[in-house]
Protein chains: 2
Amino acid sequence: MTETDPTQIKGFDRARQAAARALTEDYVEMISDLAAEFGEARITDLAARLGVAHPTATKAVARLKREGLAISRPYRGVFLTEEGEALAETVRARHRVVVALLRAVGVPEEVAELDAEGIEHHVSSRTLAAFEAYLNRKTD
Amino acid sequence: MTETDPTQIKGFDRARQAAARALTEDYVEMISDLAAEFGEARITDLAARLGVAHPTATKAVARLKREGLAISRPYRGVFLTEEGEALAETVRARHRVVVALLRAVGVPEEVAELDAEGIEHHVSSRTLAAFEAYLNRKTD
DNA sequence: CCAAATTTGTAGCCAAAGCTACATTTCGCT
DNA sequence: AGCGAAATGTAGCTTTGGCTACAAATTTGG
Ligand SMILES: [Mn+2]
Ligand SMILES: [Mn+2]
Ligand SMILES: [Mn+2]
Ligand SMILES: [Mn+2]
């Protein structure tokens, strides 16, 4: 083979890392949402909203706790640490921008919401900045 | 909890399915690229370009064969079936549209290429259609 | 206040996708 | 032709993220 394009390898590597972070991001955002609505996030509610069995949610929460993003006691709700809440804010903001960008280029509301749930995790900070700039230009 | 928004669940489910397809899509596209360049795709080249160890590529190819997307004999190159080639075409086309859309809204070339590698797998056919329409409008 | 329903925890299974280490085959070159 | 290098295969380990089944705790309604 000839030389291998380093940009391409980097792209695949980036996609893999993003995929690895995706679960964490979605759980943290959801816990934050539930906390805002009900004051706390219950395992059952997390599982229901994410569409998984409850042991799957339990396992994910265990990882969040291990990573210092959440805390919880047995049979009680799950709460975000400061770090977790900060991440949630970032993720929520990015989610909104991605949906807005999709809407702005003509993607139907419903579809935009569905696709954004996956796309968001692969939008880098530089792409996000470009999206925001575009939306500002368009709004003015 | 109150009722659970079915759209949201659907979004997470869709993202999970897309993530599951992502590997297949990238491998098939890459095999097609290598076939165009060298006449065949070797395991070593696949591994090098995707940035993984060679047994990882071997395992992925085994799955493609299982799924009827590729064929190969021991110690020889990997080739796509008709179905595999068709998928490769679709994936390649979508990849190009995603990069073009990102560029069109102001994402720098290099960044667009990196992010597209992950984003592409979460772009549904309806969103793709919207992207194409937008690009056509903008070009005219 | 207690029994039933709900929620949560835990055990253990599976598949996917990565890795290293080592065996085998093929290729390139003298 | 044969030897060393390169490519490929294979074994086996790890982590992650799903799942079901069942046990234990908590909450609720009569
Ligand atoms: Mn998401
Ligand atoms: Mn989201
Ligand atoms: Mn890709
Ligand atoms: Mn691609």
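Letters go in sequence order (proteins before strands), and every chain restarts at 1.
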Basic-acidic side-chain contact under 4.0 Å: B:Arg103, B:Glu109: yes

A:Lys10/A:Asp13 ion pair, N-O < 4.0 Å: no

Min side-chain heavy-atom separation A:Lys65-A:Ile71 under 4.5 Å: no

Check: B:Leu23 and A:Phe12 side chains under 4.5 Å, non-hydrogen atoms: no

Donor-acceptor contacts, no H, no angles, side chain residues 26-34 of chain B, under 3.5 Å, sequence neighbours left out:
unit_1	atom_1	unit_2	atom_2	d
B:Asp26	OD1	B:His121	NE2	3.1
B:Asp26	OD2	B:His121	NE2	3.3
B:Ser32	OG	B:Glu85	OE2	3.0
B:Ser32	OG	B:Arg92	NH2	2.6
B:Asp33	OD1	B:Arg92	NH1	2.5

NZ/NE/NH1/NH2 to OD/OE distance under 4.0 Å, A:Arg94 and A:Glu25: yes

Minimum-distance nucleotide (side-chain atoms of A:Arg63 versus C:dT26, C:dT8, D:dG17): D:dG17

Whole-Å distance separating the CZ atom of A:Arg73 from the P atom of D:dT26: 10 Å

Using a cutoff of under 3.5 Å, can you pull out all pairs of nitrogen or oxygen atoms linking the protein to nucleotides 18-21 of chain D, with atom names and distances?
unit_1	atom_1	unit_2	atom_2	d
D:dG18	O6	A:Lys59	NZ	2.7
D:dC19	OP2	A:Ala53	N	2.8
D:dC19	OP2	A:Thr56	OG1	2.8

Protein-nucleotide distance (B:Asp45, atom CG; D:dT8, atom P), rounded to Å: 7 Å

Separation of C:dG18 P from B:Asp26 CG (nearest whole Å): 10 Å

Distance below 4.0 Å between B:Thr44 side-chain N/O and D:dT8 OP1 or OP2: yes

